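These notes concern the structure reproduced below.
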Amino acid sequence: MDLKFKDFKLDEKIFEGLDAMGFEKPTPIQQKAIPLILEGKDLIGIAQTGTGKTAAYLLPVMSLLLSNPRAENQIGALIIAPTRELALQIDTAFQGFAYFAGLSSAAIYGGGDGAGFDVQKKALTSGTDVIIATPGKLISHLNLGYVKVQQLHTLILDEADKMLDMGFMDDINKIISALPKKRQTLLFSATMPPRIRELSAQVLHEPEQINIAISQPAAGIFQGAFMVYDMQKVKLIKHLLQSKPLKSVIVFCSKKTEVKEIEKELQGLSLKVQSMHSDLEQTERENVMNNFRNRTTNVLVATDIVSRGIDIDGIELVINYNLPSDAEDYIHRIGRTARGSSTGVAFTFVNPKELGNFHKIESLIEREIKKIQLPESLGEGPAYISIEDYKKMPRSGPSRHSKGGNKGRPQRNNKK
Ligand code: AMP
């Protein structure tokens, strides 16, 4: 059946918000989740960013808040998210939907000044409908004893797997112990490792489970890979950025030290470059993201802080300066380009040590990523070794012979 939003028993005011946002048809996760949440069920949603999961929980939760009165100073729903960026993005989505519903929200995250703390305290004590918080900051407020969660209707754990990866398990348990036992709990996670199963068993009551199959990279993304030695990477990135005029590019590095190095290396180009990593203050992070959003900055060099959930239109190119440690993060990273129905390009740099992880990515996305020759000016790169040949190799890893049988050439040391 071709479901429409109007088929759901959502509050009329929510439909006004949906019209204003231009949403017509619910996505698969919305089709499954909205009726269950409206029935008051607990829910495990295995789904990634990009599937429409934020609206899948925000819309029914908002509708339930409109029809369930509570004392004036109490918080209605609490959303816990792993990063400030995601918390802010959820808050922005909420603001769009809630405009006509007259519901209030506040994002609670670290990195602000004392004045910010007081504003957050006010939000947590004066009856805000929806609080969106990162775990650590919420704990600081909870420890001070004034957070009004006694009549909380719904708790939402968003990107639960990411939160556990980031070491927030204890914080999450602490937060949950401060909440009323009788509540609705929704848990969203891109993956379902055993630790998430355990957490679900502890905090959810007879949950329904929805699986939205792992979303493969959008068809509009051209995916290419360069086999490179580490010493060739900076030259290659400069070459790619200078080959054609680009307005919006993200370069992903796994470590913040690399982010800073690459930002410096790229400063000399005609493009405006900024970096994003966990050492930045909250206001700096917001400025960096705003500059990138409005194209004041053309190249954003970032850690995986922005690989998930960040929704910016018109990113033309994603460069993976190195491979993410988790194959699924590859899908998240390259999903920053070709949002909606647009097209984009994702280039990945693979050094010989990363071949194993590279094969894992190709298995996950069930297709080969096109191997691209290095530009001549960079010299020869390492040889690509197919997954079949790679498996046959001794455990010490791939040889570093270059393509084209240059047997006499000294092998390069590829140590970082
Ligand atoms: P999310 O997975 O929640 O991060 O959503 C990904 C993007 O899809 C966001 O830009 C949403 O605004 C958009 N979106 C979500 N649901 C719908 C829908 N039913 N129709 C159109 N766009 C949507």
Side-chain angles (χ1 to χ4, degrees), residues 1-8 10 14-38 43-63 77 79-99 105 107 130 132 156-163 186-191 210-221 248 250 289 292-293 304-315 318 328-329 331-342 344:
M1 197 175 67
D2 201 9
L3 271 178
K4 301 209 174 55
F5 279 111
K6 297 271 180 219
D7 296 320
F8 300 130
L10 291 163
I14 305 289
F15 291 124
E16 281 183 64
L18 279 168
D19 285 345
M21 297 278 281
F23 282 24
E24 285 166 17
K25 278 176 58 185
T27 65
I29 187 158
Q30 292 162 359
Q31 295 186 18
K32 291 184 178 168
I34 292 175
L36 292 170
I37 299 173
L38 285 174
L43 183 72
I44 301 174
I46 310 295
Q48 297 177 328
T49 309
T51 52
K53 73 177 162 63
T54 317
Y57 64 76
L58 279 183
L59 299 170
V61 165
M62 288 162 64
S63 194
I79 302 170
I80 316 278
T83 61
R84 314 165 208 203
E85 286 68 32
L86 185 61
L88 277 169
Q89 192 166 291
I90 297 167
D91 195 23
T92 309
F94 177 91
Q95 300 291 337
F97 295 128
Y99 187 78
S105 71
V130 177
I132 304 135
I156 299 118
L157 300 170
D158 201 351
E159 297 201 349
D161 51 350
K162 181 89 174 175
M163 291 203 276
L186 316 172
L187 179 147
F188 290 87
S189 184
T191 54
I210 298 174
N211 287 296
I212 298 297
I214 175 157
S215 51
Q216 293 291 359
I221 308 175
S248 192
I250 300 193
M289 289 316 288
F292 188 55
R293 227 176 264 278
D304 280 295
I305 259 187
V306 298
S307 70
R308 292 193 189 205
I310 300 306
D311 193 17
I312 296 177
D313 283 337
I315 295 172
V318 170
E328 274 182 21
D329 277 338
I331 301 180
H332 289 301
R333 284 182 177 189
I334 71 165
R336 296 315 101 209
T337 182
R339 308 287 295 167
S341 55
S342 63

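The chain is numbered in sequence order, starting from 1. For clarity, every value in this text was computed on a predicted model and none was experimentally measured. Both counts, for ligands and for their atoms, begin at 1 and track the order of listing.
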Test item: Ile29 and Phe188 side chains (from C-beta on) under 4.5 Å apart, heavy atoms: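 The answer is yes, as the side chains (C-beta and beyond) meet within the 4.5 Å cut-off.
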
Can you list the atoms of ligand 1 that are under 4.0 Å from a heavy atom of [X]?
X: Lys25; answer: 18 (C), 19 (N), 20 (N)
X: Thr54; answer: 1 (P), 3 (O), 4 (O)
X: Phe5; answer: 19 (N)

Stepwise side chain to side chain contact (heavy atoms under 4.5 Å, CB included) test for Phe5 and Leu59: CA-CA 10 Å; Phe5 279 111; Leu59 299 170; 3.8 Å; yes

Val61 and Leu186: CA distance, side-chain angles, deciding distance, side chain to side chain contact (heavy atoms under 4.5 Å, CB included) verdict: CA-CA 10 Å; Val61 165; Leu186 316 172; 4.0 Å; yes

CA sep, side-chain torsions, deciding dist, call: Glu85, Leu88, side chain to side chain contact (heavy atoms under 4.5 Å, CB included): CA-CA 5 Å; Glu85 286 68 32; Leu88 277 169; 5.9 Å; no

Derivation of the side chain to side chain contact (heavy atoms under 4.5 Å, CB included) call for Ile156 and Ile90: CA-CA 12 Å; Ile156 299 118; Ile90 297 167; over 6 Å; no

Within-cut-off N or O pair, Gln89 and ligand 1, under 3.5 Å: no

Gly52, any N or O under 3.5 Å of ligand 1 N or O: yes

Contact partition for Met21 relative to ligand 1, non-hydrogen atoms under 4.0 Å: neither

